[in-house]
Amino acid sequence: MRDETTHIRQNTEMWDKWADTIDGKGWRYEFLRTSQAKLVEILGLKQGVRLLDVGCGTGWALRRASERVNDNGLFYGVDLSPKMIERARLNFEGRGNFRFVVANAESIPLDENFFDTIICTNSFHHYFNPDKALREFRRLLKPSGRAYILDPTSDFFIVRLFDAAMKLLEPEHVRLYSTKEFRRLFEAAGFIYTTTTGLRGPEMVHVGEKQQTHPAGNDIPVSPANKPKEGS
């Protein structure tokens, strides 16, 4: 098995190579943008939203999200690739409510309890330690904030074949996950696993909500029927 340092280097190099062409035309562009557009539509964004895109590339999904709320919000992007972030900053030059950071998904230098929504589109299968990434997502979200992960899901036989092939052909690839595995990952990181939504074919969105914190300090699943009352 590869070591983590090599894995990070390989992913950084791969996405750096993509940075100059990812905003162009062609099937790859259309595939990624169509998926991101469908995801943004189901987020239910409200004006004033604080949104983080992990694996943001050049910021396309953030632009789409800002259009949904008339640019009323804060839009942050994180990517492992310095060249992707450089391109994103150029794309949004002069727009103070867009901010971009070079960082690993497992260690993001932003404030905890800050974001309403975190999205991650077609990059989760590259994460060396997905459990650490989800714990980082949880740290960054406000209570009741939600994380949305869009990825091909291995509930489907064809996706399992694709996953096996990618492990052989693409050193940057780690693995694709089933719905049951996403549920376990979310719950182990302290989320309530809320929904699975199919977008198109085997592409699915997996959603986790940050659990409320009990006054005693213990994280517990909280539904509207059992939220702690003031003074309890």
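Treat the numbers as computed from the prediction; the structure is a model and nothing was measured.
A 6.0 Å sphere centred on CD1 of Ile42 holds more than 12 heavy atoms belonging to other residues, nucleotides or ligands. The local environment of CD in Glu93 is sparse, with at most 12 non-hydrogen atoms from other residues, nucleotides or ligands closer than 6.0 Å.
Atom CG of residue Leu39 and atom CG of residue Leu150 lie 5.5 Å apart, to the nearest 0.5 angstrom. Taking CG from Asn104 and CG from Leu80, the interatomic distance works out to 5.5 Å, rounded to the nearest 0.5 Å. In this structure, the separation between CZ on Arg139 and CD1 on Ile118 is 9.0 Å, given to the nearest 0.5 Å. Summarising the geometry, atom CG belonging to Leu161 is positioned 13.5 Å from atom CZ belonging to Phe156; distances are rounded to the nearest 0.5 Å. Note that CD1 of Ile119 and CG of Leu52 are 8.0 Å apart. Values are rounded to the nearest 0.5 Å. Rounding to the nearest 0.5 Å gives a distance of 3.5 Å between CD of Glu181 and OG of Ser178.
Looking only at side-chain heavy atoms (C-beta outward), Asp116 and Arg146 stay at 4.5 Å or farther from each other. Here the side chains of Pro130 and Tyr177 are in contact, with some heavy-atom distance below 4.5 Å. Side-chain contact between Arg99 and Leu74 is present, with at least one heavy-atom pair separated by less than 4.5 Å. Counting only heavy atoms from C-beta outward, the side chains of Tyr76 and Leu51 never approach each other to under 4.5 Å. Looking at Thr179 and Thr153, their side chains come closer than 4.5 Å, going by heavy atoms from C-beta outward. Contact of the Arg9 side chain with the Thr6 side chain is registered, since non-hydrogen atoms from C-beta on lie closer than 4.5 Å. You'll find the side chain of Tyr148 reaches within 4.5 Å of the side chain of Thr117, heavy atoms only. Side-chain contact between Thr121 and Ser35: absent, with no pair of heavy atoms (C-beta onward) separated by less than 4.5 Å.
For the pair Arg33 (side chain) and Trp60 (backbone), a donor-acceptor distance under 3.5 Å is absent. Of the possible polar contacts, one joining the Asn97 side chain to the Gly73 backbone as a donor-acceptor pair under 3.5 Å is found. Side-chain N or O atoms of Thr194 include one that pairs as donor or acceptor with a backbone N or O of Val207 at under 3.5 Å. In this structure, Lys210 contributes its side chain and Arg138 its backbone to a donor-acceptor pair below 3.5 Å. Under the 3.5 Å distance criterion, the side-chain polar atoms of Glu187 are left unmatched by any main-chain donor or acceptor of Arg184. The main-chain N or O of Ile85 is never found under 3.5 Å from a side-chain atom of Asp79 such that the two would form a donor-acceptor pair. In this structure a side-chain-to-backbone donor-acceptor pair under 3.5 Å is missing from Thr58 to Cys56. Side chain of Thr34 to main chain of Phe31: no donor-acceptor pair is present (N/O by atom type, distance under 3.5 Å, no hydrogens or angles). Panel note: side chain Arg175, backbone His125; no donor-acceptor pair is recorded below 3.5 Å. Checked by atom type and distance alone, the side chain of Glu136 pairs as donor or acceptor with a backbone atom of Ile108 at under 3.5 Å.
Pairing each heavy atom of Ala88 with each of Gly57, the nearest pair is CB-O, 3.8 Å. Here the closest heavy-atom approach between residue Ala19 and residue Arg87 is recorded as O-NE, 3.9 Å. The two residues Pro109 and Ser107 have their closest heavy-atom pair at CD-O, 3.7 Å. The nearest pair of heavy atoms linking Gly59 to Phe100 is CA-CE2, 4.2 Å. Between Leu134 and Ala189, the shortest heavy-atom distance links the atoms CB-CB, 3.7 Å. Closest heavy-atom contact between Asp53 and Ala61: OD2-CB, 3.7 Å.
Phe114 carries Arg50 over the face of its six-membered ring, with the cationic atom under 6.0 Å from the centre and within 45° of the normal.
Using cut-offs of 30° and 60° for the angle between ring planes, the Phe98 and Phe92 rings count as parallel.
Side chains of Tyr193 and His206: a donor-acceptor N/O pair is present below 3.5 angstrom, by distance only. For the residue pair His7/Asp3, the side-chain donor-acceptor check at 3.5 Å is not satisfied. If you check the side chains of Asp163 and Ser154, you find no donor sitting under 3.5 Å from an acceptor. In this model, no donor atom of one side chain and acceptor atom of the other lie less than 3.5 Å apart for Glu172 and Asn11. Looking only at atom types and distance, the side chain of Asn122 has no donor-acceptor partner in the side chain of Gln36 under 3.5 Å away. Using a 3.5 Å distance cut-off with no hydrogens or angles, the side chains of Asn72 and Lys46 do not pair a donor with an acceptor.
Residues Val54 and Leu176 are members of separate hydrophobic clusters, defined by side-chain heavy-atom contacts under 4.5 angstrom among Ile, Leu, Val, Met, Phe, Trp and Tyr. Hydrophobic clustering of Ile, Leu, Val, Met, Phe, Trp and Tyr side chains at less than 4.5 Å, counting indirect connections, keeps Ile8 apart from Phe128. In the hydrophobic clustering of this structure, Phe162 does not group with Met14; members are Ile, Leu, Val, Met, Phe, Trp, Tyr whose side-chain heavy atoms approach within less than 4.5 Å, directly or through other members. Linking ILVMFWY residues whenever their side-chain heavy atoms come closer than 4.5 Å, directly or via other members, leaves Leu32 and Met204 in distinct clusters. Side-chain heavy atoms closer than 4.5 Å link hydrophobic residues (I, L, V, M, F, W, Y) into clusters, and following such links, possibly through other members, connects Val101 to Phe115.
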Item to check | Residues Phe186, Ile149; criterion side chain to side chain contact (heavy atoms under 4.5 Å, CB included); working and verdict | outcome: CA-CA 10 Å; Phe186 269 112; Ile149 296 178; 3.8 Å; yes
Item to check | Chi angles and distances behind the salt bridge (Lys or Arg N to Asp or Glu O under 4.0 Å) call for Asp71, Arg95 | outcome: CA-CA 10 Å; Asp71 205 33; Arg95 299 180 67 175; 3.1 Å; yes
Checklist entry - Can Trp15 and Ser123 be said to form a side chain to side chain contact (heavy atoms under 4.5 Å, CB included), step by step? => result CA-CA 11 Å; Trp15 297 115; Ser123 70; 5.6 Å; no
Next on the checklist: Working note: Phe137 + Phe191, criterion ring-ring contact (aromatic ring centres under 6.0 Å, His included); need CA distance, chi angles, decisive distance, verdict.
Outcome noted: CA-CA 10 Å; Phe137 293 5; Phe191 284 93; 7.7 Å; no
Next on the checklist: Is there a side chain to side chain contact (heavy atoms under 4.5 Å, CB included) between Leu43 and Arg68? Walk through the geometry before answering.
Outcome noted: CA-CA 10 Å; Leu43 294 179; Arg68 301 283 291 187; over 6 Å; no
